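Have a look at the structure below before the remarks.
One-based numbering along the sequence shown. Computed from a predicted model, the values in this text were never measured in an experiment.
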Amino acid sequence: MSSVTMKGLYKKYAGGVIAVSDFTLDIEDKEFIILVGPSGCGKSTTLRMIAGLEEITQGELYIDGKLMNDVPPKDRDIAMVFQNYALYPHMTVFENMSFGLRIRKMPKDEIKRRVSEAAQILEIEHLLDRKPAALSGGQRQRVALGRAIVRNPKVFLLDEPLSNLDAKLRTAMRSELSKLHMRLATTFIYVTHDQTEAMTMGSRIVVMKDGFIQQIAPPQYLYENPANLFVATFIGTPQMNTCEGELIDENGTTYLTFGQGSKIALPESKGRKPEVLAYAGKKVTFGIRPNDIHAEEAYIAQYPEQVVDVEVDMTELLGAETNLYLSDGDIQFTAVVPTGTVTCKMGDKIKVAFDTKKIHIFDYDTEKTITN
């Protein structure tokens, strides 16, 4: 078993700076948990508290039901992989991977067996005699992972391990890490600021901002049901479109107005909910993802009450898809449409239709969602 439980963790630094506030989370055995958020949100500090590299100011940390607050890092049965690999330049790959085991005075035969197994898993058997300077970035990252694997820890802690790799290698390593997690069948806690990494690898994602947890959920649920405006705009590429609008209750239909007189009807399943009707006549923030704005003639003809007149600011051809950068007065929208859906250029006036079933509405002041 390798469960991790955090109850009300706080980290306060000298001068009253609070890096993490009331962090509470139960991580089950064999989960792949991602802590994601912008720089400075407290995710790495949380990971370092789990590792024992940062003292917990307040709260309790349990690993397998045992209180770990005052247990030294070396006795927590965890392994940490850092952003900068932290390899010893004068040692070979074998020596780097076996260093921790040699410090523990493990028998040489056992060390060789563990390093060999880890090298086989990571496909770096042919690199064991090389030194870090002779390795690529991806190979160094595999060595850093191997050094953690040989310890057979209960929990793996990974602090932005792919951030120094180029885009192509990062994509490949995301897949490798997911396979590694399944093969090792242990608990992974992974920190990143890259929401694509979070969406593609995590069984659950913890979104953080300013030291607070904003939402904890599986990736797809997080994408479709964000708890607030921050989560909605942080998760998803391209970013969700958001702007100010007003809800109007008119003849049994709820409308959303915005921009230069744009007015679209919300479906009954969304617009007639009591929690939405409570905002009738009030200012709200609404959001819609770029993929939910349609430019197909057939869609526009089928849903006339969802149509908005916009001006094309720019188009961006991306192969199978095209990004349309649109404006409605001072409001900008991005739409992602299949290439060939619409022929337009900068300055053209076109019609697009919003998939109103996918619109998210947020309280203007609190920024909490009112439509999930």
Side-chain angles (χ1 to χ4, degrees), residues 166-168 170-171 174 194-200 219-220 222-226 229 231-248 250 253-271 284-362 369 371:
D166 63 57
K168 184 177 179 180
R170 285 179 78 157
T171 301
R174 285 203 302 264
D194 186 331
Q195 56 93 16
T196 302
E197 285 182 20
M199 291 292 289
T200 54
Q220 195 62 29
L222 206 65
Y223 181 83
E224 295 174 352
N225 303 279
L229 187 62
V231 175
T233 54
F234 191 81
I235 299 295
T237 305
Q239 181 176 301
M240 179 186 283
N241 300 293
T242 61
C243 77
E244 179 184 318
E246 185 179 340
L247 290 177
I248 297 174
E250 193 176 276
T253 300
T254 305
Y255 292 92
L256 179 64
T257 64
F258 57 93
Q260 293 185 320
S262 295
K263 181 180 178 181
I264 55 177
L266 298 181
E268 187 174 343
S269 60
K270 187 182 294 280
V284 295
T285 300
F286 79 93
I288 185 164
R289 296 204 180 275
N291 298 83
D292 298 324
I293 299 178
H294 298 268
E296 310 96 289
E297 288 184 10
Y299 191 99
I300 290 169
Q302 187 176 356
Y303 300 102
E305 289 195 314
Q306 300 175 13
V307 173
V308 178
D309 292 307
V310 293
E311 182 174 331
V312 178
D313 295 331
M314 190 176 76
T315 64
E316 197 172 57
L317 177 63
L318 299 173
E321 293 180 330
T322 297
N323 288 350
L324 301 179
Y325 297 95
L326 313 167
S327 58
D328 176 6
D330 293 332
I331 299 171
Q332 274 84 42
F333 293 103
T334 302
V336 177
V337 301
T339 296
T341 298
V342 60
T343 302
C344 59
K345 61 183 184 303
M346 184 186 303
D348 284 355
K349 303 283 200 294
I350 65 170
K351 293 182 183 295
V352 294
F354 288 15
D355 184 348
T356 50
K357 293 191 220 54
K358 303 288 183 66
I359 279 181
H360 299 265
I361 302 175
F362 307 92
T369 186
T371 49

Out of curiosity, [X] [atom1] to [Y] [atom2], how far, rounded to the nearest 0.5 Å?
X      : Y      : atom1 : atom2 : answer
Ile288 : Ile359 : CD1   : CD1   : 4.5 Å
Glu224 : Gln220 : CD    : CD    : 4.5 Å
Thr171 : Arg174 : OG1   : CZ    : 4.0 Å
Leu247 : Thr257 : CG    : OG1   : 8.0 Å
Glu311 : Gln260 : CD    : CD    : 9.5 Å

(request) Assess whether side chain to side chain contact (heavy atoms under 4.5 Å, CB included) is satisfied between Leu222 and Val231, documenting all intermediate values. (result) CA-CA 8 Å; Leu222 206 65; Val231 175; 4.1 Å; yes

Student check: side-chain heavy atoms of [X] and [Y] closer than 4.5 Å:
X      : Y      : answer
Phe333 : Val352 : no
Pro226 : Ile235 : no
Ile248 : Thr254 : no
Arg170 : Glu197 : yes
Glu244 : Phe258 : no

Would you name the heavy atoms of [X] and [Y] that are closest together and state the gap between them?
X      : Y      : answer
Met240 : Pro290 : CA-CD, 4.2 Å
Ile350 : Cys344 : CG2-CB, 4.2 Å
Asn241 : Gln332 : OD1-O, 4.4 Å
Val308 : Ser262 : CG1-OG, 3.4 Å
Pro219 : Ala198 : CG-O, 4.4 Å
Thr341 : Ala295 : CG2-C, 3.6 Å

(message) By the definition ring pair (Phe, Tyr, Trp, His ring centres under 6.0 Å), identify the one residue from Tyr299, Tyr303, Phe354 that meets it with His294.
(response)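 Result: among Tyr299, Tyr303, Phe354, Tyr299 is the only option passing the ring pair (Phe, Tyr, Trp, His ring centres under 6.0 Å) with His294.
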
(request) Report yes or no: do Thr339 and Thr322 form a side-chain donor-acceptor pair below 3.5 Å? (result)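 Yes - a donor-acceptor pair under 3.5 Å links their side chains.
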
(message) Quick check on salt bridge (Lys or Arg N to Asp or Glu O under 4.0 Å): which of Glu250, Glu246, Glu305 does Lys263 satisfy it with?
(response)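 Only one option passes, and that is Glu250.
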
(message) Looking at Arg289 and Asp292, is there a salt bridge between them, counting it only when a charged N and a carboxylate O are closer than 4.0 Å?
(response)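 No.
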
(message) Around atom CD of Glu297, are there more than 12 heavy atoms from other residues, nucleotides or ligands closer than 6.0 Å?
(response)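 Incorrect, the count does not exceed 12.
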
(request) State whether the number of non-hydrogen atoms from other residues, nucleotides or ligands found under 6.0 Å of Glu268 atom CD is greater than 12. (result)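 Atom CD in Glu268 is not crowded, with 12 or fewer foreign heavy atoms closer than 6.0 Å.
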
(request) Before giving the answer on side chain to side chain contact (heavy atoms under 4.5 Å, CB included), spell out for Asp313 and Leu326 the whole-Å C-alpha distance, their side-chain angles and the decisive distance to 0.1 Å. (result) CA-CA 5 Å; Asp313 295 331; Leu326 313 167; 5.7 Å; no

(message) Please identify which of these residues, Thr334, Val310, Ile293, Thr315, meets the side chain to side chain contact (heavy atoms under 4.5 Å, CB included) condition with Leu324.
(response)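 Running side chain to side chain contact (heavy atoms under 4.5 Å, CB included) over Thr334, Val310, Ile293, Thr315 with Leu324 returns exactly one hit, Thr315.
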
(request) Identify which one of Val284, Ile361, Leu266, Asn225 satisfies the side chain to side chain contact (heavy atoms under 4.5 Å, CB included) criterion when paired with Thr371. (result)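 Result: among Val284, Ile361, Leu266, Asn225, Ile361 is the only option passing the side chain to side chain contact (heavy atoms under 4.5 Å, CB included) with Thr371.
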
(request) Would you check, one step at a time, whether the test ring-ring contact (aromatic ring centres under 6.0 Å, His included) holds for Phe362 with Phe286? (result) CA-CA 6 Å; Phe362 307 92; Phe286 79 93; 9.4 Å; no

(request) For Glu316 and Tyr325, run side chain to side chain donor-acceptor pair (under 3.5 Å): C-alpha distance rounded to whole Å, both residues' side-chain angles, the deciding distance at 0.1 Å, then the answer. (result) CA-CA 8 Å; Glu316 197 172 57; Tyr325 297 95; 2.7 Å; yes

(request) Evaluate the side chain to side chain contact (heavy atoms under 4.5 Å, CB included) criterion for residues Lys358 and Asp355: first the C-alpha distance (whole Å), next the side-chain angles of each, then the deciding distance (0.1 Å), finally the verdict. (result) CA-CA 6 Å; Lys358 303 288 183 66; Asp355 184 348; 3.4 Å; yes

(request) For side chain to side chain donor-acceptor pair (under 3.5 Å), just list the numbers for Thr356 and Gln306, CA-CA rounded to whole Å, side-chain angles, deciding distance to a tenth of an Å, and then say yes or no. (result) CA-CA 7 Å; Thr356 50; Gln306 300 175 13; 3.2 Å; yes

